[in-house]
Amino acid sequence: FDDPEPVANAAEFFGRELTVQQIVTKTYLGQLSAIFGLRKIGKTSLIRRVRELLESDKSSLNATAFVQCNATR
């Protein structure tokens, strides 16, 4: 499986539900989270999924930062 773009469709996002839920829970508790990993491992897809879940909850106010750092050669 080689997709050049991050996963955008929630139906295609699988295998990291526990990690996503842990980040969402930490956000609700006001705790910080950081995502580290090698290139093309799915960091952006993970952050997008967390953002979708936080945005879908209309009962609370959340602040989420999305930072994409790409190195050019």
Mind listing the closest non-hydrogen atom pair of L53 and S56 along with its distance? O-OG, 2.8 Å
Side chain to side chain contact (heavy atoms under 4.5 Å, CB included) with L29: which residues, sequence neighbours excluded? T25, Q31
Hydrophobic cluster identity match, Y28 and I35, side-chain contacts under 4.5 Å: yes
Can you measure from CZ (R51) to CD1 (I23) and round to the nearest 0.5 angstrom? 13.5 Å
Which residues pass the side-chain hydrogen bond (donor to acceptor under 3.5 Å, both in side chains) test with Q22, sequence neighbours left out? none
When rounded to the nearest 0.5 Å, the distance separating CG of L46 from CD1 of I41 is 11.0 Å
Where K58 and E55 come nearest, the two heavy atoms and their spacing: NZ-O, 3.1 Å
Got a donor-acceptor contact below 3.5 angstrom from the R16 side chain to the R49 backbone? no
